[in-house]
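Notes for the one structure printed next.
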Amino acid sequence: MASHDPGFDDKAADVCGLYLDPPENWAVFSVDEKTGMQARSRTNPTRPAQPAQGGGRGRPAQQEFEYRRHGTKALSAAFECATGEVLAAPTDSIRSDNFVKLLAELDSQVPAHLELRCIVDNLATHSTKAVEEFLDEHHRVFLHRTPTHASWLNQIEMWFSILTRQLLHTAEFNHTTDLTAAILDHLADHNNRAKPFKWTYHPKRQPQDLRA
């Protein structure tokens, strides 16, 4: 969806500036929530691919179309733009208090001499009284909002896409605890080899071009 925000240029320039040339005393994070992550299993076990043997034909992987649902989880996450590392916490919802908890966790981990700059979209969860009270009490934490209908400017969306392709799209889970454990394992593996995105933005094309 294209953004028709009348303040698009200024907001996009603000976000792009945080990615490309932030001040040395700023720690920049891309923050958002991913909802509706389903713990689900196929009605029949997935059969893995088998290579050809003895001149015969191999067999492609076979996956049942129907599946059983075992509940959903949400994920609050913050992508550190300078390093590519992710801080994330699986939750049961995207309530505002979970967003505040994530901000508080960032505040506790980022060195005290740095300003904490968080890029967020326009979800109502990011604009509640609880959020405003937290910002009033933590003067080094600032929120930078993407233009409306332009959450694609937020780099965390790229990491969510990677998580979906590499884990959520094909994996099977019999319980939300299994889903949570797999997400945390994926997160740890990502952080062990994290690197920032090489980010470019073409103002005449939406969405932006992001390459890992």
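- Looking at residues two or more places apart in sequence or on another chain, you find a ring-ring contact (aromatic ring centres under 6.0 Å, His included) between F134 and H138.
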Problem - Intermediate values then yes/no, side-chain contact (heavy atoms from CB on, under 4.5 Å), T146 and N122 - result: CA-CA 7 Å; T146 61; N122 295 276; 4.0 Å; yes
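- By the ring-ring contact (aromatic ring centres under 6.0 Å, His included) test, Y19 pairs with W199, sequence neighbours left out.
- For the residue pair M37 and I183, the shortest heavy atom distance occurs at CE-CD1, 3.5 Å.
- With side-chain heavy atoms closer than 4.5 Å counting as contact, directly or through intermediates, the hydrophobic cluster containing I94 also holds L123.
- Under the 4.5 Å side-chain contact rule for hydrophobic residues, L20 and L18 share a cluster.
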Show me the donor-acceptor pairs within less than 3.5 Å that the side chains of residues 77-89 make with the rest of the protein, sequence neighbours left out.
unit_1 : atom_1 : unit_2 : atom_2 : d
E80    : OE1    : T83    : OG1    : 3.2
T83    : OG1    : E85    : N      : 3.2

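- When all heavy atoms of L179 and A39 are compared, the closest pair comes out as CD2-N, 3.8 Å.
- The two atoms that bring G71 and T176 nearest to each other are C-CG2, 3.7 Å, heavy atoms only.
- Checked against ring-ring contact (aromatic ring centres under 6.0 Å, His included), H144 has no partners two or more places apart in sequence or in another chain.
- Residues E157 and S151 share a closest heavy-atom pair of CG-O, 3.4 Å.
- Both I119 and F8 are assigned to one and the same hydrophobic cluster, defined by single-linkage of ILVMFWY side chains at heavy-atom distances under 4.5 Å.
- Residue pairs meeting the ring-ring contact (aromatic ring centres under 6.0 Å, His included) criterion with at least one partner in residues 105-130, sequence neighbours excluded, are F99-H126.
- When the salt bridge (charged side-chain N to carboxylate O under 4.0 Å, His left out) test is applied to D9, no partner is found at least two apart in sequence or on another chain.
- Atom NE2 of H70 is separated from atom NE2 of H175 by 9.5 Å, given to the nearest 0.5 angstrom.
- Contact between V15 and L153 at its shortest, heavy atoms only, is CG1-O, 3.8 Å.
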Practice task
Verify side-chain contact (heavy atoms from CB on, under 4.5 Å) between K129 and S96, making sure each step is shown before the conclusion.
Solution key: CA-CA 9 Å; K129 181 179 179 181; S96 182; over 6 Å; no
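- Contact check for R140 versus D107: side-chain heavy atoms found under the 4.5 Å cut-off.
- L143 places a side-chain heavy atom less than 4.5 Å from the side chain of L135.
- In terms of the salt bridge (charged side-chain N to carboxylate O under 4.0 Å, His left out) criterion, D178 has no residue partners (sequence neighbours excluded).
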Practice task
Any chance you could lay out the salt bridge (Lys or Arg N to Asp or Glu O under 4.0 Å) test for K73 and D92, step after step, and finish with the verdict?
Solution key: CA-CA 5 Å; K73 297 291 288 186; D92 293 325; 2.9 Å; yes
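- The shortest side-chain heavy-atom distance between R193 and D189 falls under the 4.5 Å cut-off.
- Looking only at distances, no side-chain donor or acceptor of S3 sits under 3.5 Å from a matching main-chain atom of H149.
- For E132, there are no salt bridge (charged side-chain N to carboxylate O under 4.0 Å, His left out) partners at least two apart in sequence or on another chain.
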Per-pair distances, 0.1 Å, donor-acceptor, side chain in residues 161-168, under 3.5 Å, sequence neighbours excluded:
unit_1 : atom_1 : unit_2 : atom_2 : d
S161   : OG     : R165   : NH1    : 2.6
T164   : OG1    : K34    : NZ     : 3.2
T164   : OG1    : F160   : O      : 3.0
Q166   : OE1    : H186   : NE2    : 3.2

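- Of all the heavy atoms in C118 and L106, the pair that sits closest is SG-CD1, 4.1 Å.
- For the salt bridge (charged side-chain N to carboxylate O under 4.0 Å, His left out) test, residues two or more places apart in sequence or in another chain that qualify with D5 are K11.
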Under 3.5 Å donor-acceptor pairs involving side-chain atoms of residues 25-32, not counting sequence neighbours:
unit_1 : atom_1 : unit_2 : atom_2 : d
W26    : NE1    : E115   : OE1    : 3.0
S30    : OG     : N154   : OD1    : 2.1
S30    : OG     : Q155   : N      : 3.2
S30    : OG     : I156   : N      : 2.7

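- Between atom CG of residue N98 and atom CG of residue L103 there is a gap of 11.0 Å, rounded to the nearest 0.5 Å.
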